[in-house]
Amino acid sequence: MSEKEKSQNQEEEQNQAPIPSENKEDQETTESPNSEAEQSMIDESEKKPVDNNNEQLNTEGSIDEEEEAEENSEVKENKDEDSSHQDELDDAIAEDSEDEDSHERHGIEMKDYHSMNMQELVKELSKLIKDEKVHHIREHVQEIKTEFDAKFEEEMEQKKEEFLEEGGNIIDFHYSTPLKKEFNSVYFDYKEKRNNYYQQLKKNLQKNLEDRLAIIEELKGMIGAGADMNANFNQFKELQERWKKAGPVPRESYKDIWRTYHHHVEHFYDFLHLDREFRDMDFKHNLEQKLKMIARAEELAEEKDINRAFRELQMLHKMWKEDVGPVAKEYREDIWEKFSDATKKIHENRQDHFAELDKEKEKNLEVKKDIIEQIKVIADDEITSHNQAQQRIKLVEELREKFFKAGKVPRNVNEETWQSFKQTVRTFNRKKNAFYKNLKKEQYNNLQKKLELIEIAEANKDNEDFKITTPVMKKVQSEWKKIGHVPRKDSDKIWKRFKAACNHYFDRLHSVRNEENKEENEAFDKKKELLDAVRDLELSGDPKEDIKIIKAKISEWKEVGRVPYNRRYIEGKFNKVLDKLFEQVDIGRKEAEMMKYENRVQALDEADDDRKIEKEENFLRKKISDTKAEINQLENNLQFFSNVDETNPMVREVLKNIERHKVQLETWKAKLKKVRSL
């Protein structure tokens, strides 16, 4: 090596400085694979060139100190922003580095787990564990578990409120469901598979790290070696192939190991005395590949599918680091800047995309606030009935479903919104529980009242005195209907007891009445035959004899007895036939009416029902009162005709009407006297 080349090599080595680790924790936990001097050299190689533009402008006096400070501040902010973009990308690549088929993980759809109920979440978790690789579903499982735990906690708090409302002690409260147990079982399977995978992965990653560190040591040993240049270059290519196949390393070691490797690769190109033809050909090939990557990155900056663009950008950066070697020194900074600019553009697109998502989340927040307010209105209103309570429970459940289907809200207000929702629902549940607690007291009182009625019904179900017992049993049934609900667990049981007692009594009553009805039906058939005979009766023309015949038929009719209640219409038919017979004989209207009334009196007497007799007596009194009033009115009307002769047709009609009413009055009085004799 010439003295000039040695001098250049020494100068460039002095410009190297340590590569800073990504964070303090990495520095403390990851042992550096290089000596302090080597690490210093690697770190220095990562420094950006000094920008001398400001110094040049100052010598020309075109920027004063304040403007310079402002510009320097802006430059610093831009650099910090660029660094933030790159750090985010590097972190994503480092995470993917542990997973050689990470593209499969990105291909799994992240569903809207927030809108799913607990049953659906368990189903989704089971499906993911069954269909996907365990290391690809970590984010999905975390999201599902967060949503399931939140919904179960809400349900558990509601049950706790009900438990305490019923007088339970918080120490004794425990709540679980078959669904919760199923979720725990599925999640346990996931953790077991995940732990087994990562235990094996840890071993593999550590072995790969050791292999890569060994390759770096071999690479370091080649620098400055005096072997044949072509042999060294072939050996270097062999090391590169081994490096590509070495497999993933732990993510915390990823950045440092790649920076170290790239430093020594560039060091090999720059400082090893290689045949320039081999080196330039390789530089040219690498430059072509990296320019293609830059072009693709610039295309991705216009891609509409933001997530797809970011994932492909990750692949480009990984290829930039892992698959393509260095380029000539004069191009390194320039192509990296172009690649970084495209990366920044994609990152900005991604940030804009997230900003749009945040706007959607703001809309979701407004929807959820409105839902919370609607539940609050329901919770503030008093519950007055079971039906009303059930309607509101259904409405709150519908609003609850809408809340979860409304989508996610901005992260900074997520917890606040969730707590507000839970508190509002809890307020409603407390009011609902208080209502049902009071309702249970009322239902218990109703239960006691119905049990008392059951005792009365059971005590009288075998009573033989039907006239006294039947009104009692009917009253018991009427009172039962007036009493409200009883506890559901007792409802069927007490109803069956009450129904059995009532049915037992009324079955006996109907059995007796059916026997009586048999006689009444026979009486009806006889009266029907007698009615036909009376209808065909031909009188002799002798009034006295004819009246005897009619009275005999009436007596015969009375002796037949009572007919069924629903066939009493035959009595009216018989009276009409009698009216026609009375028209043929010389008998007063009063006498005829009294003869027919004998049937009515007999029926009242046989019924042996004081209420019916009293009712008939009240009816007759009213008729007497109405008839007297009518007579008084007619007599008052006559005063208007005081100067008119009695032969006047109108006067004669009034007098005739008065006489007719007086006959009716006497008839009503006679009937009343007859009824009173019973």
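Just so it is clear, the values below take in all heavy atoms, side chains as well, and ignore hydrogens, waters and symmetry mates.
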Novice: Check whether Asp370 reaches the backbone of Glu366 with its side chain - one donor and one acceptor, N or O, closer than 3.5 Å.
Specialist: no
Novice: Taking only Lys NZ, Arg NE, NH1 and NH2, and the carboxylate oxygens of Asp or Glu, determine whether Glu356 and Lys359 approach each other closer than 4.0 Å.
Specialist: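 Lys359 and Glu356: salt-bridged.
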Novice: Looking at CD1 of Ile631 and CD of Gln633, how far apart are the two atoms once the value is rounded to the nearest 0.5 Å?
Specialist: 12.0 Å
Novice: Under a 4.0 Å threshold between the charged nitrogen and the carboxylate oxygen, would Glu147 count as salt-bridged to Lys151?
Specialist: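 A salt bridge links Lys151 with Glu147.
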Novice: Holding to side chain to side chain contact (heavy atoms under 4.5 Å, CB included), I want the full list of residues that pass it with Thr177, two or more places apart in sequence or in another chain.
Specialist: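 So Thr177 forms a side chain to side chain contact (heavy atoms under 4.5 Å, CB included) with Phe152, Glu155, Tyr175, Leu179, Lys180.
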Novice: Establish, from distance only, whether the side-chain atoms of Glu442 and Asn438 form a donor-acceptor pair under 3.5 Å.
Specialist: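 Asn438 and Glu442 do not have a side-chain donor-acceptor pair below 3.5 Å.
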Novice: I'd like to know if Arg392 pairs up with Asp381 as an ion pair, taking the criterion as any Lys NZ or Arg NE/NH1/NH2 lying under 4.0 Å from an Asp or Glu carboxylate oxygen.
Specialist: yes
Novice: Tell me, do Asn463 and Val472 make a side-chain contact under 4.5 Å, heavy atoms counted?
Specialist: no
Novice: Could you tell me whether a side-chain N or O of Ser625 sits under 3.5 Å from a main-chain N or O of Arg621, the two making a donor and an acceptor?
Specialist: no
Novice: Any idea how Phe574 and Trp557 line up, ring-wise: parallel (<30°), tilted (30 to 60°), or perpendicular (>60°)?
Specialist: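 Aromatic pair Phe574/Trp557 classed parallel.
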Novice: For the residue pair Val560 and Lys527, what are the closest heavy atoms and their distance?
Specialist: CG1-CG, 3.6 Å
Novice: So do the side chains of Phe428 and Ile393 get within less than 4.5 Å of each other, counting heavy atoms only?
Specialist: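 In short, these two side chains touch, coming nearer than 4.5 Å.
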Novice: With sequence neighbours left out, what residues match His661 under ring pair (Phe, Tyr, Trp, His ring centres under 6.0 Å)?
Specialist: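 In terms of ring pair (Phe, Tyr, Trp, His ring centres under 6.0 Å), with neighbours along the sequence ignored, His661 is linked to no residue.
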Novice: What pairs with Phe524 under ring pair (Phe, Tyr, Trp, His ring centres under 6.0 Å), at least two apart in sequence or on another chain?
Specialist: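 Ring pair (Phe, Tyr, Trp, His ring centres under 6.0 Å) list for Phe524, sorted by chain: empty.
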Novice: Quick one: ring pair (Phe, Tyr, Trp, His ring centres under 6.0 Å) partners of Trp668, sequence neighbours excluded?
Specialist: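 Applying ring pair (Phe, Tyr, Trp, His ring centres under 6.0 Å) to Trp668 gives none.
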Novice: Salt bridge or not between Asp525 and Lys528? Use side-chain N to carboxylate O under 4.0 Å.
Specialist: no
Novice: For His386, check ring pair (Phe, Tyr, Trp, His ring centres under 6.0 Å) against everything at least two apart and list the hits.
Specialist: Tyr436
Novice: Please determine if Lys408 and Glu360 form a salt bridge, counting it only when a charged side-chain N lies under 4.0 Å from a carboxylate O.
Specialist: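 Between Glu360 and Lys408 there is no salt bridge, as every charged N stays at least 4.0 Å from the carboxylate O atoms.
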Novice: Under 3.5 Å, side-chain donor or acceptor atoms of residues 494-502 against the rest of the protein: list the pairs with distances, not counting sequence neighbours.
Specialist:
residue, atom, partner, partner atom, Å
Arg497, NE, Glu458, OE2, 3.2
Arg497, NH2, Glu458, OE1, 3.0
Arg497, NH2, Glu458, OE2, 3.4

Novice: Going by an N to O cut-off under 4.0 Å, is there a salt bridge joining Lys482 and Glu479?
Specialist: yes
Novice: Regarding Gln419 and Gln423, is there a side-chain donor-to-acceptor distance under 3.5 Å anywhere?
Specialist: no
Novice: Quick check with a 6.0 Å cut-off and a 45 degree axis cone: is Lys461 positioned over the face of Tyr505's six-membered ring?
Specialist: no
Novice: Quick one: do Met118 and Phe183 satisfy side chain to side chain contact (heavy atoms under 4.5 Å, CB included)? Show the steps, please.
Specialist: CA-CA 9 Å; Met118 289 190 286; Phe183 179 84; over 6 Å; no
Novice: Can you tell me if Asn433 and Arg430 form a side-chain donor-acceptor pair at under 3.5 Å?
Specialist: no
